[in-house]
Amino acid sequence: MDRRRRRRVPSGTTEQSCRRPTQGQQRPAMSRRYNHAQVQEYWQRVWEREGVYECPDDAPDPTYVLGMFPYTSGSLHMGHIRNYVITDGYARYRRMCGDDVLHPIGWDAFGLPAENAAHDHHTDPESWTETCIARMREEMGEMGFGYDWSREIKTADPSYYRWNQWLFARFYEAGLVEYKSATVNWCPDCETVLADEQVDDRDGGEVCWRCGTPVGRRDLDQWFFTITDYAEELHAGLDDLEGWPESVRDIQRNWIGRREGARVAFEVPGYGELEAFTARLDTICGATYLAVSPGHDLAATLAAEDDAVADYVEAVGNGAEEAGTTGVETDLAAVHPVTGAELPVYVAAYVLDDVGTGAVMGVPAHNERDHAFAVSQDLPIEGVVEPVDGSGTNLPAEPYTEEGMLAGSGEYDGLASAAARERMLDDLDAAHPDVTYRLRDWLISRQRYWGTPIPVVHCDDCGPVLVPDEELPVELPEFVQSTGNPLAENDTFVETACPECAGPARRETDTMDTFVDSSWYFLRFLSPEFEDGPFDPERADEWMPVDVYVGGEEHAVLHLLYIRFFTRALADIGLVDFREPVDRLINQGTVLYDGEKMSKSSGNVIAPHEYGAETTRLFVLSAAHPEQDFEWTAKDVTGAYEFQQTLYGMVDAFVERAAVRRERAAHDDYVDREIDRTIAAVTEDYERIGFHQAITGIRQLARLLRRYRDYETPHEAVYRRGLRTLALLVAPMAPYLAEELWNMLRGEGLVVAADWPTPRTDTDYRIERRLVEATLDDVRDIVDVVDIDDPAEIELAVAQDWKYRAYRIARDADPGSAVVGQIMDDETVSAHGEAAADYAAALQERQPGLEPVVDGDRELALLERAAWLFEDEFGADVTVRRASDGDDLAARAKPNKPAIHIR
RNA sequence: GCGAGGGUGGCCGAGCCUGGCCAAAGGCGGCGGACUUAAGAUCCGCUCGUGAAGGCGUACCUGGGUUCGAAUCCCAGCCCUCGCACCA
């Protein structure tokens, strides 16, 4: 449709003309542009001088907003930006709401890449790391992140890592540390071992999470944290973590891998008892053999005298994958605890050391792997479970792995699988309920320099001995370039005296996995200078847990599992009184470019400042909700840039040429209420951390204010309030811009420290908005359909009061009751005769779907305030009035649906 | 295979928890207009179909169901993404 019709007719002949003095006199294109780069330094200085981001130590219970602190890799990338833009926005919002806010930042400064970089750049890890930190700190400033820098921490600082050592000692005393020889993952490129969590599966092979090098195995004496002690609790606790994304909880559940079942003891004459774990005790009568892993004690025992076993164990080595269904029969036989039958005992590579007990009862009929093994070893297959529906099985060709009804199991025949398991557990002395976990202990030893030295001394006489607390920290010696572990080659570091016997001893040369550093850093932020412990326990009790924690999902089973473990361990040591560290977790999504994750290796990285730091902030927040991936498009970034300019231009124009009005008119009230509505809506969006929605609300208000400004000279107070509201609402997302706007608008103090706006009136804005929108739509429809070229007058008639009364009665009526009767029982309604009866009938028909409405007087006032929108859009005079019986519009007017007449 | 999360208009993407005010926000693209010598920028409007008074039709992956009423709740299926998987 041709919208020229809809333009306001220029300069009217009516009384309205006096209300449009500024029309047609819009300012020329913006005279000034907002330039974030020119103002950032100024505001940074002011913020710093005012200490606006510092959280006072005596705050009762600040809102703790935290982003996963960055590894000091050299410069911020888009993933960091997205992460910290979210925490910054939310922290700023909470601060403006009046909360004390703890929003700290620090540096995950230890780690192997610094050693590599030191090598490449002919420097040392410490200097390299410092350089990186300096650069990243500056970039954070540019981005406008409002951190409490007085709490900055750095894990590579002895004043930090001494507490890693101190905690190691406490864990050691509490029995949470083990030193054992283990077959561990070894990355030949990083020249260090890796925790299970740090080994990725890629194309069927196991590779190092950092460098992608295929991982091998080595047997080494290593330090472990016994996270498995908490397997049950870590698993159970997931159910209560309602503030965490389901996906993370799910990943952790998988990782912990809790399995309920039974432990069955098989008597093996000549060896002793052999225990097997099974989740399918009901299939026990189908067991036709036993098998143990090549690493099982039984295998080791037999290997000593049985060459076949020894050869097999040797041949299979660690390559269980290639060994397939191979195995070797031993001379032993086990006694079946139910049937008393003799079962052959095998050593088989498909049985894994670290799953269950490292031994299985082989039930070929009901387990895929056992079936494959039995077929290849020519073992009998005996079905003991059948489908309840009688559908039969493909035994012996294929195993039947579903649950069902027992058969061939003597007294248990006819029982359902679950029932059979229960009965067997009760009956059999050899079977006990048991739970196994996939989770393994956390290997924390690393054969690298740039990490926390493990505070242990090895003495030939006393064994491993803790370094006494008063000698902590065990500081890293100066870095020397070397091929292996620089610590091991440093004699002055290694050679020491045993703290117990004072004899000659050697220091442990392994350092800790850097995930130890990050497992409690959120506690150090509470009291970064605390000298008597890693953190002030009283403050921890008051301030923890973290209210909102934001970071990437890739840490689901690493960092996010470790912090849950640490917190529990700390609780059991008595340092804290809570067991979960994080209330609400947000995993920010990925920023894509051409459909690919932005990454150095893809060569599609956009630097944060490339489009302007604050534009990037705004764009990243407006593009999608925090958890969602989104595509970086230059076009959309431009949109964010222009939005800043629009806001700036509006405020600039207002303060530069202040043609304003003082008498208040109806449409000022409309705008005033619309400001309230925006505040209510945007506040809701911030609460839900829906920045993209908040921006939409802000944009809408800005558009309305522009229209208001252009409609006629704006009312000084209303317009200024509107603009100030824009500045306040956008402040958490674009703080520099907001300060500029606030300053131009002569707002009091700093906008980042200002009070969050509150609506002055009630905020059931949805009904009101809907009413105005629907009426505008109706007018558009009519103008369109009837093809009225140039409407001269629009008349809106609000329904008679008795209709509201009838409407209310209909809404309140029980569904299905005689609505017409109830309405017509009301005299004030029935007095209106046939019209009332007709309307009552119409209401009855729609009764279940009647929506809430505002009452007649309010509707009238609302439309009067909104009349300018009609005037502005259609260029017509607008009359709003109450309909009364007998006038031509009365019949069509309904509650919240005024009759419309257009001429 | 098991588990989790998703499939919305030209595209991106809200909404779904708490069913009706949803032909479905906002952005981008497209179209038209204002302003301009022109272009750019900026601003305004339109952007499922149809209709001579606010109506009707079709539409939120597909098919069923619940309900007076479903993008929203339930069931089944298809497809996509991710996690786990020789786990006994």
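Sequence lines set the chain letters: A, B, ... in the order given, protein chains first and strands last, and positions in each chain run from 1. Being a predicted model, the structure only gives us computed values, none of them experimental.
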For [X], which residues count as a side-chain hydrogen bond (donor to acceptor under 3.5 Å, both in side chains) partner, sequence neighbours excluded?
X        : result
A:Ser293 : A:Asp353
A:Asp778 : A:Lys897
A:Asp777 : A:Arg780

> Start at the 5' end of RNA chain B and walk down; is the nucleotide closest to A:Ile695 or to A:Asn367 reached first?
Replying inline: A:Ile695

Please name the nucleotide paired to [N] by Watson-Crick or G-U wobble geometry with both distances under 3.5 Å, or report none.
N     : result
B:U42 : B:A34
B:G3  : B:C82
B:U58 : none
B:U72 : none
B:G9  : none
B:C16 : none

Integer-rounded Å distance: [N] [atom2] and [X] [atom1]:
X        : N     : atom1 : atom2 : result
A:Arg438 : B:C86 : CZ    : C1'   : 13 Å
A:Asn254 : B:G1  : CG    : P     : 16 Å
A:Asp710 : B:C44 : CG    : P     : 8 Å
A:Glu368 : B:C2  : CD    : P     : 12 Å
A:Phe373 : B:C86 : CZ    : C1'   : 13 Å
A:Arg706 : B:G45 : CZ    : C1'   : 13 Å
A:Arg253 : B:G5  : CZ    : P     : 10 Å
A:Asn587 : B:A4  : CG    : P     : 17 Å

> Do side-chain atoms of A:Ser376 reach the backbone of A:Thr325 as a donor and acceptor pair under 3.5 angstrom?
Replying inline: yes

>> On the nucleotide B:G27, are OP1 or OP2 found under 4.0 Å from the side-chain N or O atoms that A:Arg703 carries?
In response: yes

> Just to confirm, is there a sub-4.0 Å distance from OP1 or OP2 of B:C44 to any side-chain nitrogen or oxygen of A:Arg707?
Replying inline: no

>> Regarding A:Val363, tell me which of base, sugar-phosphate or nothing describes its non-hydrogen contacts under 4.0 Å with the strands shown.
In response: nothing

> Which part of the nucleic acid, if any, lies within reach of A:Glu642 when heavy atoms closer than 4.0 Å are counted: base, sugar-phosphate only, or nothing?
Replying inline: sugar-phosphate

Donor + acceptor pair across side chains of [X], [Y] (<3.5 Å):
X        : Y        : result
A:Tyr312 : A:Thr326 : yes
A:Gln644 : A:Thr615 : yes
A:His625 : A:Gln628 : yes

Are there any protein N/O atoms within less than 3.5 Å of an N/O atom in nucleotides 49-55 of chain B, and if so, which ones and at what distance?
residue : atom : partner  : partner atom : Å
B:A52   : O4'  : A:Val785 : O            : 3.4
B:A53   : N6   : A:Ile902 : O            : 2.9
B:A53   : N1   : A:Ile902 : N            : 3.0
B:G54   : O2'  : A:Asp778 : OD1          : 2.4
B:G54   : O6   : A:Arg892 : NH1          : 3.3
B:G54   : O6   : A:Ile900 : N            : 3.4
B:G54   : N1   : A:Pro898 : O            : 3.0
B:G54   : N2   : A:Asp778 : OD2          : 3.0
B:G54   : N2   : A:Pro898 : O            : 2.9
B:G54   : N3   : A:Asp778 : OD2          : 3.2

Distance between the [atom1] atoms of [N] and [M], in whole angstroms?
N     : M     : atom1 : value
B:G13 : B:G19 : P     : 26 Å
B:G64 : B:A70 : C1'   : 14 Å
B:G26 : B:A52 : P     : 28 Å
B:G10 : B:A76 : P     : 31 Å
B:C35 : B:G6  : C1'   : 46 Å
B:U47 : B:G40 : C1'   : 24 Å
B:U8  : B:C80 : P     : 14 Å
B:A59 : B:G9  : P     : 13 Å

> Mind checking what makes ring-ring contact (aromatic ring centres under 6.0 Å, His included) contact with A:Phe691, not counting sequence neighbours?
Replying inline: A:Tyr686

>> Is the ring pair A:Trp632/A:Phe619 parallel, tilted or perpendicular, if the boundaries are 30 and 60 degrees?
In response: perpendicular

Name all residues meeting the salt bridge (charged side-chain N to carboxylate O under 4.0 Å, His left out) criterion together with [X]; count only those two or more places apart in sequence or in a different chain, and write none if there are none.
X        : value
A:Arg688 : A:Asp685
A:Glu859 : none
A:Asp282 : A:Arg280, A:Arg421
A:Arg253 : A:Asp239, A:Glu246

>> Just checking A:Tyr839 against A:Tyr807, ring centres under 6.0 Å apart?
In response: no

>> Can you build the contact string for nucleotides 12-17 of chain B? Use B for base contact, S for sugar-phosphate-only contact, and - for no protein heavy atom under 4.0 Å.
In response: -SS---

> How does each nucleotide of nucleotides 6-11 of chain B score, in 5' to 3' order, for protein heavy atoms under 4.0 Å: base (B), sugar-phosphate only (S), or none (-)?
Replying inline: ------

>> Both conditions, 6.0 Å and 45 degrees, for the charged tip of A:Arg699 above the ring of A:Phe643: are they met here?
In response: yes

>> For RNA chain B, which residues of residues 242-252 of chain A approach it to below 4.0 angstrom with any heavy atom?
In response: A:Glu246, A:Ser247, A:Asp250, A:Ile251

> Which is it for A:Gln645 and A:Tyr641 under the side-chain hydrogen bond (donor to acceptor under 3.5 Å, both in side chains) test, yes or no, and what are the steps along the way?
Replying inline: CA-CA 7 Å; A:Gln645 299 304 341; A:Tyr641 173 76; 3.2 Å; yes

